[in-house]
Amino acid sequence: MPEGPSIAILREELEPFAEQKVISATGNAKIDFTRLKGEKIIEFKSWGKHFLICFNNFFIRIHLLMFGTYRINERKETEPRLSLKLKKTEINFYTCSVRLIEGDPNETYDWKTDLMSDQWDAKKVESLVKKLKNTKVCDALLNQDVFSGSGNIIKNEVLFRIKLHPECEIQFLPAQKLKELVKDAHQYSLDFYRWKKAFELKKHWQIYKKKECPRCKIKSVTAYLGKTGRLTCYCSNCQFLYKKGKIKNNEEH
DNA sequence: CCGGTTGTTCAGCG
DNA sequence: GCGCTGAACAACCG
């Protein structure tokens, strides 16, 4: 389920049920469910991979992690982490992290880094990326404080789209390439969102879990790279590694 | 049928 | 206190 665009879709699906009262809240999450009973949902928000159910002066933060799912007016076999009963609607969350956080989300979150927010700010993100210096770009794209909502699919696809080697360090990126990285992380997130809603996300994967490069047709590389050690798929021919002012892999670019 | 993973947090160690 | 590693969580797909 869970990269940023999928969470934005969840928020959109639940939007019609905002401003309703919680009739009952149950589940196996370790939170104080009595806080929710009778409270009016003010709004649903999302920041990166965080889904937020906002009440007066506190909010519930749901993170679907790797395997999290949800159902609206349906139930799965297993007990939900969190089940909210509204007047005519039941919302169930499974296999997720649930936290009750005091205060207003605006105190906790910077919407300028959220790839799905209309407050997303390319300049702000560029300045955060520049600070990462000796971080590899494959790790940078998973840093939630910088690319909030980016996950492993977005990482791999963006790097392929902008022809950048996953192990390239941020400090060796030409200024123009860094801008392109930030811009395409945003653009691909919007593409991901659109394709996911049309149930055709996988169809558009160019390198993620693909055996060959769709451009040059050579066998693609699969490895667990960076400090994050996450699955990385790339083309060693098309994706360039900038290194100390020079470029390895292809001298023409 | 079993291995792998769209993710994060925390304990334990040096 | 730090960075690093590995475990834990737990469900579905191919």
Side-chain angles (χ1 to χ4, degrees), chain A residues 1-13 27-31 46-52 60-71 74-83 92-101 108-109 113-116 131-161 166-167 169 184-211 220-234:
Chain A
M1 267 277 83
E3 295 192 31
S6 302
I7 305 304
I9 292 168
L10 162 60
R11 166 173 36 85
E12 200 175 280
E13 282 184 71
N28 60 16
K30 289 171 194 153
I31 58 159
S46 66
W47 178 88
K49 298 166 189 167
H50 297 202
F51 177 65
L52 312 177
I60 297 288
R61 190 207 77 176
I62 294 177
H63 200 305
L64 295 178
L65 301 169
M66 202 86 105
F67 314 118
T69 51
Y70 63 93
R71 294 287 185 274
E74 280 177 32
R75 290 177 190 183
K76 297 180 71 172
E77 295 284 315
T78 53
E79 195 193 347
R81 279 284 138 78
L82 174 65
S83 175
N92 297 311
F93 295 95
Y94 304 86
T95 331
C96 52
S97 150
V98 181
R99 285 192 189 178
L100 193 156
I101 302 170
T108 311
Y109 295 106
T113 61
D114 176 14
L115 289 161
M116 296 308 293
K131 289 183 196 166
L132 297 177
K133 296 191 173 155
N134 61 347
T135 302
K136 288 175 179 173
V137 71
C138 62
D139 289 328
L141 274 168
L142 294 176
N143 184 326
Q144 297 303 300
D145 295 327
V146 179
F147 295 101
S148 315
S150 172
N152 211 29
I153 297 170
I154 294 176
K155 176 191 89 180
N156 283 294
E157 290 294 311
V158 167
L159 291 175
F160 179 77
R161 279 156 56 122
E167 294 195 282
E169 290 183 23
D184 201 57
H186 186 234
Q187 183 55 52
Y188 184 76
S189 298
L190 301 179
D191 291 342
F192 184 126
Y193 169 83
R194 196 177 71 245
W195 290 329
K196 174 109 189 169
K197 285 222 301 194
F199 305 103
E200 57 180 39
L201 180 64
K202 275 191 191 181
K203 193 176 93 181
H204 294 278
W205 286 350
Q206 295 191 80
I207 199 71
Y208 181 68
K209 293 188 175 173
K210 293 289 181 181
K211 289 208 170 73
S220 60
V221 181
T222 292
Y224 294 86
L225 300 183
K227 288 186 179 175
T228 47
R230 299 290 304 280
L231 181 66
T232 308
C233 313
Y234 65 100

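Note on naming: letters A, B, ... go to the chains in the order of the sequence lines (proteins, then strands), and numbering restarts at 1 for each one.
- Picking from dG7(B), dC4(C), dT5(B) the nucleotide with the shortest atom distance to the side chain of K227(A) gives dC4(C).
- Between the CZ atom of R61(A) and the P atom of dT8(B) there is a distance of 9 Å, given to the nearest Å.
- The one candidate from K196(A), H186(A), R161(A) that meets the side-chain hydrogen bond (donor to acceptor under 3.5 Å, both in side chains) condition with D191(A) is R161(A).
- Ring pair F51(A)/F93(A) is tilted by interplanar angle, where 30° to 60° counts as tilted.
- A sub-4.0 Å separation between OP1 or OP2 of dT8(B) and a side-chain N or O of S97(A) is absent.
- Distance D139(A) CG to dG7(B) C1': 14 Å, rounded to the nearest Å.
- Spacing between atom CG of N134(A) and atom P of dG3(C) amounts to 12 Å, rounded to whole angstrom units.
- Between R81(A) and dC9(C) there is no side-chain N or O to OP1 or OP2 distance below 4.0 Å.
- The side chain of K76(A) contributes an N or O atom lying less than 4.0 Å from OP1 or OP2 of dC12(C).
- Atom CG in L64(A) sits roughly 13 Å away from atom C1' in dA10(C) (whole-Å rounding).
- If you measure from atom CD1 of I62(A) to atom P of dG7(B), you get 18 Å, rounded to the nearest angstrom.
- A close approach under 4.0 Å does occur between a side-chain nitrogen or oxygen of Y224(A) and OP1 or OP2 of dT5(B).
- When each of K202(A) and T78(A) is assigned the nucleotide of DNA chain C with its nearest heavy atom, T78(A) is the one assigned upstream, toward the 5' end.
- The partner of dA10(C) cannot be assigned: no Watson-Crick or G-U wobble pair with both contacts below 3.5 Å exists in any strand.
- A perpendicular orientation is assigned to the rings of H63(A) and H50(A), their planes being inclined by more than 60° (bins at 30° and 60°).
- Listed nucleotides dG7(B), dT9(B), dA10(C) differ in distance to R99(A); the shortest reach to its side chain belongs to dT9(B).
- As judged by a 4.0 angstrom heavy-atom cut-off over every strand, L231(A) is placed among residues touching the sugar-phosphate backbone only.
- When heavy atoms are screened at a 4.0 angstrom cut-off, K155(A) is found touching no nucleic acid atom at all.
- As rounded to whole Å, 15 Å separates atom P of dC12(C) from atom OH of Y70(A).
- In this structure, F67(A) atom CZ and dT8(B) atom C1' are separated by 12 Å, rounded to whole Å.
- Residue R230(A) places none of its side-chain N or O atoms closer than 4.0 Å to OP1 or OP2 of dT5(B).
- Rounded to an integer number of Å, the gap from NE2 of H63(A) to C1' of dC10(B) is 15 Å.
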Steps toward side-chain contact (heavy atoms from CB on, under 4.5 Å) verdict (R81(A), Y70(A)): CA-CA 10 Å; R81(A) 279 284 138 78; Y70(A) 63 93; over 6 Å; no
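- Taking all atoms of both residues into account, the shortest heavy-atom contact from F147(A) to A140(A) is CD1-O, 3.1 Å.
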